[in-house]
Amino acid sequence: MGAPKRISEAQQGTPHLKFNKKNHCFKTDGKVGFLHGVASFDPQSTSVLIWTRLTPPEHAEYEVTWRVCERKDMLQPVASGSFETSAKRDYTVTVDVTGLVPYKQYAYQFSWGTHKSIVGQTRTLSDGRQEEMRFACVCCSNFRFGFFNAYEQLAKADDLDFVVHVGDYIYEYGDDDYPLPYFENRKGQQPPHEAISLQDYRQRYACYRMDAALQKLHAKFPMIAIWDDHEIANDSWSTGAENHQPDTEGDYQDRTQNAIRAYLEWVPIRNLKSEKDSFADAFRVFQFGDLATLICIETRLACRSKMPPVEKTAFYEEVAKKGRKYWDPEKIVPAKQELLELYRAPENKMIGDEQVGKLGEAVKRSVEQGQPWQILMSQTIFARLNAPKLQETVNKQKPWLRKLIRKGLEAAVSMRIAGEEAVHLARMYLGMGKYGVPMNPVAWDGYAHEREQVMTRMNIPGSNPIVLGGDSHNAWAHGVADENGRKIACEFDAPAISAIGAFEDIYSQFQIKLRQLSRLIPLSIFTPWICDAFRIANPDSLKFCNLQDRGFILMHVTKRKYHAEFHFVDTNKKPNYKHHCDAAFDVENGTKGKMSPAIRYMSFEGEVPKRHLDRSRAGFGAFASIRDP
């Protein structure tokens, strides 16, 4: 699985381009043609969007021709035409090819003059009886964090119908912002500064789409995608974002328009023709014969309200700003209830009443059509996820690790060693874990009232809801229950393609403070403890987590069961990697919210991957979630 084979395969697709081994991207070198590969999006039963970009010799209008065939030799086209492109759309080409046959694979290609694109593959959806489907879920690809090895591996998967991308296709940060230099594993991001203008976002997409692994993935499978926050700015909502400063970066609505215009040019959505359309129109429903319905919601720009900052709450005052020996339960418990009521406030909106209603209609229609599965694309974690009980699980670890953890916790809450900001963060996590508080209010936990509305509409007789999420950069599997404890759905959250996990990010802050000594102690040593702490904090819901590996989820859906496998690569610091499956689950038709450990069987180039056995590095799922014969 070495780099030379991978490079030669990629170069076969774009033979006129030189390959940069250092960052695993093609070199443009002033070349003209279809340098950014091809892709297809939003398949339907008789249509699909096909995409490319022409790198022109000069600024002008160009007519690009296209053809769709049943075979890769591109003879005997079943559909063909031309598309006029120009600088107004960044020379991208998006064609809605109609009149196709349901549930059939097609090849497609673009040409301009003597220049021809690589041949892409795509597939339409079924409109009748369908026994099975296979697909993948991905999220969170950050160029500077490292190589897209997970994309590379996914492109080798056998017999996938499509790929779902639940957000963070790009990251907006500049080279001086995120990641920290300690985590930078790949150079060459363009533009080097933060993306704010239309041209900035266009350059960022162009940079990502020169990556050989991503080009290969797009050429092989159609994609159903939706943006999350980083396609605009970190922690974005309808009227602002954590990573947007109006005083220096201009009007937020202008930035949003720039970001979404570039997104639609490079990652087209069937329902949206322009960044001036309603963002709620990104809501889409995909029907898979009599097997399943996939519901894509928009959770950032159409309706999302800003969560009041936790730092302004009484809970933060009582926990984060006070040393643990001064914690007073008589003050903390009511402060916790006040915080949870803040999370449950009806005015907190993530998708709004219109999308909640459309979602309910889609679930109802799916059940009426006899489909066993209703799949929700949620960009963020949907299930309640309480903060880990870190302090309470120290004594459950091995003696040598116990001692190391105690030293680490002492350093984390030491003003002298860690500094005020890091100490407040550490105390807050410890307090949230101790008192059973959800850790991430910018996920669905901060919009609990609307989450209950969504669950009510998904939980109807005959439904079998599945939720797919991303955003956290970590892998999770949950049983989803409502506030009355009724089991509603099973949830599978994809790990990042390359971005580091939340606890890696937090740990890096302490490493900066503690300097060289802490860098000799990798986070992987503490991962079993953190996973254990999460499981004890969420005993009824959390079935699996992996807090440090990058990868994707593969799924195989039949009338009888919904099968999910968590796949990972061992590194994204270099283009050579190893691949393994860390966990697999089955959900039986008719068993809402219940999943069981399963046997991995989905293959890559004809082979089933290894099972990961290094328990010191894996989450608790590594020894509890895969059943081998």
Side-chain angles (χ1 to χ4, degrees), residues 42 125 133 135-139 162-167 223-228 269 271 280-288 291-300 302-304 349-369 371-385 443-445 447-460 462-472 475-482 486-494 541 553 555 557 562-564 585 587 589 591-595:
D42 279 13
L125 308 185
M133 69 178 184
F135 69 104
C137 181
V138 297
C139 68
F162 59 97
V163 172
V164 164
H165 200 300
V166 292
M223 180 175 284
I224 297 170
I226 185 64
W227 59 75
D228 192 27
I269 289 176
N271 294 4
D281 290 342
F283 177 97
R284 289 109 81 206
V285 176
F286 298 86
Q287 299 274 356
F288 300 89
L291 181 62
T293 286
L294 177 69
I295 304 166
C296 176
I297 56 178
E298 196 287 317
T299 67
R300 289 288 177 181
C303 291
R304 181 187 278 250
K349 299 290 185 181
M350 185 178 285
I351 63 175
D353 295 341
E354 180 184 354
Q355 287 193 73
V356 171
K358 288 182 177 180
L359 183 152
E361 292 171 3
V363 172
K364 182 180 178 182
R365 185 166 56 250
S366 173
V367 172
E368 290 174 347
Q369 293 174 351
Q371 296 174 330
W373 305 104
Q374 297 74 39
I375 306 166
L376 176 64
M377 283 175 62
S378 170
Q379 288 83 74
T380 57
I381 295 175
F382 187 79
R384 174 166 175 157
L385 183 62
W444 278 96
D445 275 331
Y447 303 81
H449 178 79
E450 190 172 67
R451 178 172 58 188
E452 288 293 307
Q453 293 181 318
V454 171
M455 285 193 279
T456 297
R457 284 158 177 77
M458 290 197 300
N459 186 31
I460 64 174
S463 69
N464 288 284
I466 300 290
V467 180
L468 303 178
D471 180 64
S472 76
W476 312 88
H478 323 253
V480 180
D482 65 15
R486 291 175 297 191
K487 294 181 178 179
I488 304 297
C490 288
E491 177 173 354
F492 303 103
D493 300 320
S541 58
I553 308 174
M555 285 156 284
V557 185
Y562 191 107
H563 177 80
F585 295 95
V587 181
N589 185 347
T591 60
K592 292 180 183 178
K594 297 179 181 179
M595 65 180 77

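Quick note: numbers below take in every heavy atom, side chains included, and nothing from hydrogens, waters or symmetry partners. One-based numbering along the sequence shown.
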Which atom names give the shortest non-hydrogen contact between [X] and [Y], and what distance separates them?
{"X": "Ala383", "Y": "Val480", "answer": "CB-CG2, 3.9 Å"}
{"X": "Met595", "Y": "Gly479", "answer": "CE-N, 4.2 Å"}
{"X": "Cys303", "Y": "Ile351", "answer": "SG-O, 3.5 Å"}
{"X": "Val557", "Y": "Leu291", "answer": "O-CD2, 3.6 Å"}
{"X": "Cys137", "Y": "Gly469", "answer": "SG-O, 4.3 Å"}
{"X": "Val467", "Y": "Ser378", "answer": "CG1-CB, 4.0 Å"}

Could you tell me whether the side chain of [X] and the main chain of [Y] form a donor-acceptor pair under 3.5 Å?
{"X": "Arg457", "Y": "Met455", "answer": "no"}
{"X": "Asp228", "Y": "Thr380", "answer": "no"}
{"X": "Gln379", "Y": "Thr299", "answer": "yes"}
{"X": "Gln374", "Y": "Asn464", "answer": "yes"}
{"X": "Thr456", "Y": "Glu452", "answer": "yes"}
{"X": "Arg451", "Y": "Phe382", "answer": "yes"}
{"X": "Ser463", "Y": "Met458", "answer": "yes"}
{"X": "Glu450", "Y": "Gly352", "answer": "yes"}

Spacing of [X] atom [atom1] and [Y] atom [atom2] [to the nearest 0.5 Å]:
{"X": "Tyr447", "Y": "Gln453", "atom1": "OH", "atom2": "CD", "value": "14.5 Å"}
{"X": "Ile295", "Y": "Ser366", "atom1": "CD1", "atom2": "OG", "value": "7.0 Å"}
{"X": "Phe283", "Y": "Ile269", "atom1": "CZ", "atom2": "CD1", "value": "13.0 Å"}
{"X": "Leu376", "Y": "Ile297", "atom1": "CG", "atom2": "CD1", "value": "4.5 Å"}

Checklist entry - Picking from Asp493, Val166, Ile553, Asp471, what satisfies side chain to side chain contact (heavy atoms under 4.5 Å, CB included) with Cys139? => result Val166
Next on the checklist: Test side chain to side chain contact (heavy atoms under 4.5 Å, CB included) on Cys490 and Tyr562; report intermediate values, then the result.
Outcome noted: CA-CA 10 Å; Cys490 288; Tyr562 191 107; over 6 Å; no
Is there a side-chain contact between [X] and [Y] in this structure, where contact means two heavy atoms from C-beta onward sitting under 4.5 Å apart?
{"X": "Leu468", "Y": "Met555", "result": "yes"}
{"X": "Leu125", "Y": "Gln287", "result": "no"}
{"X": "Trp444", "Y": "Arg384", "result": "no"}

Checklist entry - Lys592 and Asn459: side chain to side chain contact (heavy atoms under 4.5 Å, CB included), yes or no, with the steps? => result CA-CA 9 Å; Lys592 292 180 183 178; Asn459 186 31; 2.7 Å; yes
Item to check | Trace of the side chain to side chain contact (heavy atoms under 4.5 Å, CB included) decision for Ile224 with Arg284 | outcome: CA-CA 10 Å; Ile224 297 170; Arg284 289 109 81 206; 4.1 Å; yes
Item to check | Side-chain donor-acceptor pair present, Asp281, Asn271, cut-off under 3.5 Å | outcome: no
Checklist entry - Between the side chains of Thr591 and Lys487, does any donor sit under 3.5 Å from an acceptor? => result no
Next on the checklist: Within the supplied structure, the quantity of interest is the number of heavy atoms (other residues, nucleotides, ligands) at a distance under 6.0 Å from Lys358 NZ; does it exceed 12?
Outcome noted: yes
Item to check | Crowding at CD, Gln369 (>12 non-hydrogen neighbours, <6.0 Å) | outcome: yes
Checklist entry - Parallel under 30°, tilted from 30 to 60°, perpendicular over 60°: which one fits the rings of Trp476 and His478? => result parallel
Checklist entry - Between Phe135 and Phe286, does a ring-ring contact (aromatic ring centres under 6.0 Å, His included) hold up when you go through it step by step? => result CA-CA 13 Å; Phe135 69 104; Phe286 298 86; over 10 Å; no
